[in-house]
Structure formats: structure tokens, C-alpha cells
Asker: 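The structure that follows is given in the form of C-alpha cells.
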Amino acid sequence: MRVLIQHIILVQNMSEIQRIPPSGRRLYGITAIFDNPDKVLSATKAATQEGYKDFDVYSPYPIHGLDNAMKLKPSRIGVVTLVLAMIGVVSILLFTWWTNSVNYPLIIGGKPYFAWPSYIPITFEMAVLFGAVSTVISLIAIWLGLPRNSHPLHDTEFMKKVSSDRFGVCVEATDPKFDEKQTMDFLQRLGGENVELAYYEVHELSLRKAVLDPKFVGAMVIVAVASSGATYFSLNKMLLMRPWSSLNNQFKVLPESRSTFYADGFAMRPPVEGTVARGHMPYIFSGNMPSAEKYMKNPLLPTPRVMEVGQRDFNTYCSPCHGYFGDGDSRLQGQFPSPPSLHSDTLRHAPDGHFYQVMTDGFQNVMPSYARQIPRDERWAIVWYIRALQRAEHAKGSDVK
Amino acid sequence: MITTDKTVALKTVKLPESFSRISWSLLIIGIILTLLSFAVNPKHASFGLIMTLAFVASVGIGSLFWVGIEYVSSAVWSTALRRPFEFIAGVIPFLIVIAIPLLLKMHTVFEWTRKSLLKTDPALVIKAPYLNEPFFIVRTLVVFGIWWLFYYLIIKNSKLQDTTRDPKLTARNVRLSAAFMPIFGITLTIFSIDWMMSLTPDWFSTVFGVYFFSGAVLAAMAFATLLIVKLNERNLFPVKLTADHYYNLGAFLFAFVNFWAYIGFSQFMLQWYGNLTVETAWYIPRMHGSWAVISIALVLVHFIIPFFALLTKPAKMNPHRLVFMSVWILFAHALDIYWIVMPVYDPGGATFGLSELAFLIASAGIILTVFSYKAKSNNLVPVGDPKLQRGLEFHI
């Protein structure tokens, strides 16, 4: 295996060596320095007239009219921005529509599920975000060629000058009109100073190797570790320190603590006289079977839905002791006393209130109260189901059609 | 202050006679139509006159705003184009003429002038210290007076510079314009509240002044762009403007089309979301019946279509596109004012009659006549301005 890898490296080195000209270095282009923007502008015009195409102008700040002098075509990056901004618009509209009207329909402020005016701000933001971020990323990726992390002009005297107070032109060796001697003469005639040849570094010849450059990889690893570490620290540690922890240490009254505000020292206050819990419904017949039987009527109608709920609840809560049909055939194998049948004459003629009272209050210390398990309306639904069971057991001839 | 010793090559140009003939005839037809509409239906005609006032005032004061902005920001690119803005701002002294018939008969349009309403509407009682006839008239006179004062001072200095070529006049105008900017903001808000918002006296919107501002500066830019590009394309402009100047005009049109939509939508969304009776009362008539059609058309005409028509860089530099879109945006601004004012006259449905026709023709007539009159007696470029040469060499 090791032999194989060595062989590959050897072949790669060989191919690199083959591309390098006999002098040992590959030429990138010829650079020239100019004093002021006017000079570099006229030099650019002259170079364009001479027929050069592959050249670039370097300046510490934008020079008006340079793109015309270089005969550059208008940038098409606007198309990228527009398309990605539109993708942002469409995706966020689909997202808001799906979350608010399909996946989890929620009425907010009495508005329709798809309340489009309230989604316009986020749509606008997403258009800007997608447009801006995609523009920057495509600039880096396409126009700067992201995998390349080094450039022949990088770290040269030329680059140092043109990024502070000088203006430069670099005619690249790939230009069809490029000729080492003639181009050098031409640039000197235009008034260029420091006319020099710029060469590729050895590691710049191979794109793959440049990305795997240990310095580059190391820097990327440091950036990744530092940014994720900083994120972790700020969200999980820093927010719990002073002064950011103010939300954790609020000035508030904790249960069972002492209050200095009230004279009696209790932090927990009793509710105001006459306060009723939300949804609470007082039950006045507790322990009073005769009144329950006399005054209560089933408030529900025996609709299919009510019967369905009654059957479900009966099978869940009642059937373990009373049996699926109310016969009193417990599934508890005698571990608990079996109740009497629901089909006795007494119970068949008992009013609806009787069953409701038994479910709500419990019965004779044997059956417990089911008021906590079964809501009020569902207890009445069970009453309807018991009635249906009783009718089925004692069907009349007229029930059969 | 940098003075240029290069002399600017100026063509001697004269506006064609047909231009002023057309302007004058538009103005006269507009006045006749307005008078006729008053004879037919005085109430309808009063609302039409409010639209005319709002349109002319927005274009005029918007132009003065652009002149002021040029001075305050020391903008160079627009120096050669400043005069058309100054000429259009020349309508400011005539605003009071349009307003006088309305001030004399305020009862026909302003609901809050009726004393009987004060008994039934508690909101109007609270607003009464602001919304009463004497204070309204005083405000109108003060606002128009301030506008006229700044117009007079700034334009006087600018004109004087043509002969004296004194750079100190530029410095003086910079100071004047800097003082004008905040005053402009306050007076324009007062004007929009008085003449448009108070038509529905119960309603209020804190962003209405900004909304009117966005439409006003857009319309002013569109009017000036129309005239500048048209004159330059016909070789009637004393200096040669380039596509780079066009690009900036187009970019400003594009920017303010977006700004208008942003502000208009901000107002709509907050009131729609808040769903309070006092706020939605303004939108309800505009969202039902044929007014709903106008509302949707306004979004398309004032935002969607100009947005895509002016989106690309070549479009902003194309003179034909610029002329067409300027006329389009001016129409959109007229539609915007129509949409603000006329649902108060007839909440039941969109109206179109003599008054609306008079509004369109009279507005165009007033501004064009003032422009052609000023253009005859003044230089079309500020020849004495020290920034002129640099402005002509402008590159984006």
C-alpha cells in the first residue's frame, strides 16, 4: 500500500515537472506599476487598443471609467442575485403557507390561516438575505475561484504597492498577443515602472495540492474550532454568567418564601374571595341521590357521535368491572367484587340522573368516583350508551325492522 | 471651494414654440374644464381641485427637495440637471391660487367643519384644537409661505451665480438647504395631514406624511426625468448628458418606486393587523366594490410594473424606457392621489367624470406652463456653478 502511494506521489511530481518550462518556473504574466489613476487609465486604453485581452488592472480604490477602458462586458452577477432572491421568496412563502395552513393550522389574531400580508415582511427579508448571501458566495466561488487559495501575485512587491498607493497592470501569459520581450517593451513605453515577470509558485501549479496546503488546512481548522467554540461558549456558558444572567436571577417571589412586602410575611397569597378555577362547574347533588335522580336530565341527544364516545368511554372505564355488555361479568377474575348487572328491572327504570350520580360520586364505597377521569359531557354520553345496552337486552318486536 | 477654470462648452438652444403652445393650451383647457366641473357638480369639482392641489404641490415641493438635497450632499452628478428641478419648483407660488377656492368653501369637502358632528363624534372633539377652520387656514398660509420663502431664496442665489460665478453663493445655498430639510419634513407632513388625511377626520396613520413624501419625491423625479431626457434626446439641452446621468435618474426612480411600496405596505399591514375600527375605517371603502379594483391596480401600476421595467442596468440607461416610465410613474402618482382622495367623495364605487379629467389636464398644464415660462427666461444649466464641469464628466 505504502509503495502504491509513493508511486502516485512520484507520478504527480513527474507531471508537475513536465509542465514547468526548462527555466524551472512557469510564467504568470508581466506586471507594471503606475503612479496615478490617470496614467493607469490611459495605459489600459492603450493596452485594449493594442489588442490585449487577458490583462487585469489593480488599484487600491475604484477608478471611474476603468471598465469601459478595459472593454469589460457588464457583469451577469445580477442574474444570480435575482434568481436566488426569487428562490428565497418562493421558498419562504411555501414555508409559511405549509406551517400555518397545512401542518399546524393556527388562527392568530382572528386572521385567516394563510394571512399573506403578515408574511410579506419575512418574504422581503428572505429575498434580501438569499440575494445578498448568494451574491457574495457566487462572487467568491465563481469569480474568484474558491478552491484556489493562492495567487501568483499574492505576497509580491507588486501586490503590496497596488494595495496601498500605486496602480498596476498585469498582462497575463495566456494572452494570444503575449510575448515576453514585446509586452515588456510595450509596458515600459506606456510609462510603467518596475516592469517585472511574475511566476507561479510550485504549489500553485496544482489546484488540489493548494487546497491541501497544511497552512491553509490548519487555518481552516483553527477557524472552525474557534467559531464553534465561541458559539458554544457564548450560548451555554456566557449567558449564565454575570451580567448576562440577569434573566436567570429575576427579582421575583418564589413559592414558600418569605415576603417583606406583605405585613403577614407570606409570599403566596390566597386567591380573591369567590375566585373560581377556569372551567370549574360546581356540582350541587353530591351525596344527594334522590335530588340527582329527580332534577337532572341528560343534556345530550343520542347522536352517532355521542354513542361513539359513550361506547369508547364505557369500554375503557366501565367494562373492566361491568363487562362489555353491562352484565356484571368482571374481567378481574374475582379479585374485586363483581357489580350487579345493569339490566335489572330497578336499573332499567332508574332515571338518567342515577347513573350520572353514581359515576360522579362513586357508589357504596365499592365503585370510586370517575369525575376526574371522565369529563362531564362524556359521562352523559356513557349514560346514553348504558341506555342503548339495556334496550338491546330487552328489545321489543317493534325494534326489529 | 474648488473653482474650475475650464469653460463649459454650451450650445445655444431654444425650446420650440410648440412646447409652450401645448403647455398653455393644456393649462387653458384645464382651467375651463375645472370651471365647467364646478358648474356641473360643485362637490365633485372641489374634490377634483384637492387632487390638483395635491399633485401640483407634490411635484413642486418634491423638486425643491431634490434641489436642496443636491446642495446638502454636495452631489456632483446632478449639477447639470438642477435647473429643470428649479423650474418645476416654480409652481410653488401658485399653490395658494389653487387652494383659495377650497379655503373659501371648506364645508363642501371637509366633514370636520360641520359643528353638528362635534356632538356625536367624541374623536372630533379631541381633534378640534387642531382641526378647526381658522387654524387650518393659518397652517395652509404658513406652509405655503415657508415653501415660497425657501424657493425664493435658493433659486435667487442659484440664478445670481449664473452672472457672478461666485462660489460663495453655493455655500450659502448649502446652509439654506440644510435648514430647509427638517422644515420640509414637518411642513410636508402638515400639508398631507391637512389636505388628505383630514378628509376622513376619524382616521389617523402615523406614517401618512412619509407615504405622501415617497410619492411626492418620486413624482418630482419622474417629471424632471421626462423633461431632461426628452430635451437631451432632441438636442435641446445646452450640454450633452451621458448614459451615466440617465442611469442615476433611473436609479432614483427605481429606488423611490420601492420606497413608496415599502411605506404604503407598512401603513396597510399595521392597520390590517391591528384591526382597530378607527384605522380600518379608511381601508374598508378602498377594499370593496370597484375601489378594490383600483387598489389592486395601484399596486401593479405604482410598484410591480415599474419595478421590473427599471430593474436592470440597461433599462435605467435607455432613454426611451426612461421617458415611457416617467410618464407611467406620473400617471401612477395621479392614480395614487385619486385613490387617497376620491373614495371620500363616493365610498360606493370609483368615479370618473369631468372633475377627474380636469385634474389630469390642469395638473399637467400648470407644471408644463411654469416650466416653459421659466425655461425661456433662464439658462437651462447653472453655468456659474463650480461643480458643473465635474458634473458633466461624471462616470458611474
Side-chain angles (χ1 to χ4, degrees), chain A residues 37-38 40-42 44-45 48 57 59 61-86 88-90 92-93 96 100 106-128 130-132 135, chain B residues 6 75-77 207 242-248 250-251 254-255 257-277 279-280 283-284 286-287 292 295-296 298-299 303-304 307-318 389-396:
Chain A
D38 283 346
V40 82
L41 197 59
S42 58
T44 309
K45 279 177 189 159
T48 316
V57 183
S59 158
Y61 56 79
I63 300 173
H64 286 303
L66 196 61
D67 44 354
N68 273 343
M70 288 174 78
K71 295 233 179 335
L72 291 181
K73 285 184 193 134
S75 165
R76 280 193 298 276
I77 199 162
V79 178
V80 176
T81 312
L82 181 69
V83 168
L84 276 132
M86 285 299 146
V89 165
V90 170
I92 196 64
L93 279 177
T96 45
N100 280 308
L106 198 60
I107 288 178
I108 301 168
K111 299 290 189 284
Y113 287 132
F114 187 68
W116 65 268
S118 51
Y119 305 145
I120 294 293
I122 184 69
T123 307
F124 172 71
E125 304 290 348
M126 288 297 277
V128 173
F130 269 60
T135 306
Chain B
K6 289 184 207 166
V76 168
W77 72 273
V207 84
T242 62
D244 292 352
H245 292 105
Y246 288 180
Y247 174 79
N248 270 17
F254 181 71
V257 159
N258 286 295
F259 184 64
W260 176 87
Y262 190 99
I263 298 299
F265 183 76
S266 301
Q267 178 178 285
F268 168 73
M269 195 195 77
L270 290 181
Q271 305 213 330
W272 169 85
Y273 210 93
N275 207 12
L276 299 174
T277 326
E279 292 178 345
T280 51
Y283 278 104
I284 284 166
R286 287 164 179 80
M287 287 169 82
S295 302
I296 292 165
L298 187 66
V299 176
F303 173 56
I304 306 282
F307 177 85
F308 286 104
L310 291 170
L311 182 61
T312 62
K313 192 173 175 184
K316 294 187 187 91
M317 292 174 149
N318 181 345
Q389 182 58 39
R390 281 196 294 147
L392 289 174
E393 287 166 1
F394 167 73
H395 287 290
I396 49 171

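A note on names: the letters A, B, ... follow the listed sequences, proteins ahead of strands, and every chain is numbered from 1.
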Asker: Output the donor-acceptor atom pairs between chain B and chain A under 3.5 Å, with atom names and distances to 0.1 Å.
Answerer:
unit_1: B/Trp272; atom_1: O; unit_2: A/Lys111; atom_2: NZ; d: 3.3
unit_1: B/Tyr273; atom_1: O; unit_2: A/Lys111; atom_2: NZ; d: 3.3
unit_1: B/His395; atom_1: O; unit_2: A/His64; atom_2: ND1; d: 3.2

Asker: Which residues satisfy the ring pair (Phe, Tyr, Trp, His ring centres under 6.0 Å) test with A/Phe130, sequence neighbours excluded?
Answerer: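 Not a single residue meets the ring pair (Phe, Tyr, Trp, His ring centres under 6.0 Å) criterion with A/Phe130.
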Asker: Tell me, please, which residues at least two apart from B/Phe265 pass ring pair (Phe, Tyr, Trp, His ring centres under 6.0 Å).
Answerer: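 So B/Phe265 forms no ring pair (Phe, Tyr, Trp, His ring centres under 6.0 Å) with any residue.
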Asker: Using 0.5 Å steps for rounding, measure from the CD1 atom of A/Ile122 to the CG atom of A/Leu93.
Answerer: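 So the CD1 of A/Ile122 and the CG of A/Leu93 are separated by 10.0 Å.
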Asker: Rounded to the nearest 0.5 Å, what separation is found between the CG atom of B/Leu298 and the CD1 atom of B/Ile304?
Answerer: 11.0 Å
Asker: How about A/Phe114: does its CZ atom have over 12 heavy atoms from other parts shown lying under 6.0 Å from it?
Answerer: yes
Asker: Between CZ of B/Phe254 and CZ of B/Phe308, what distance do you get to the nearest 0.5 Å?
Answerer: 9.0 Å
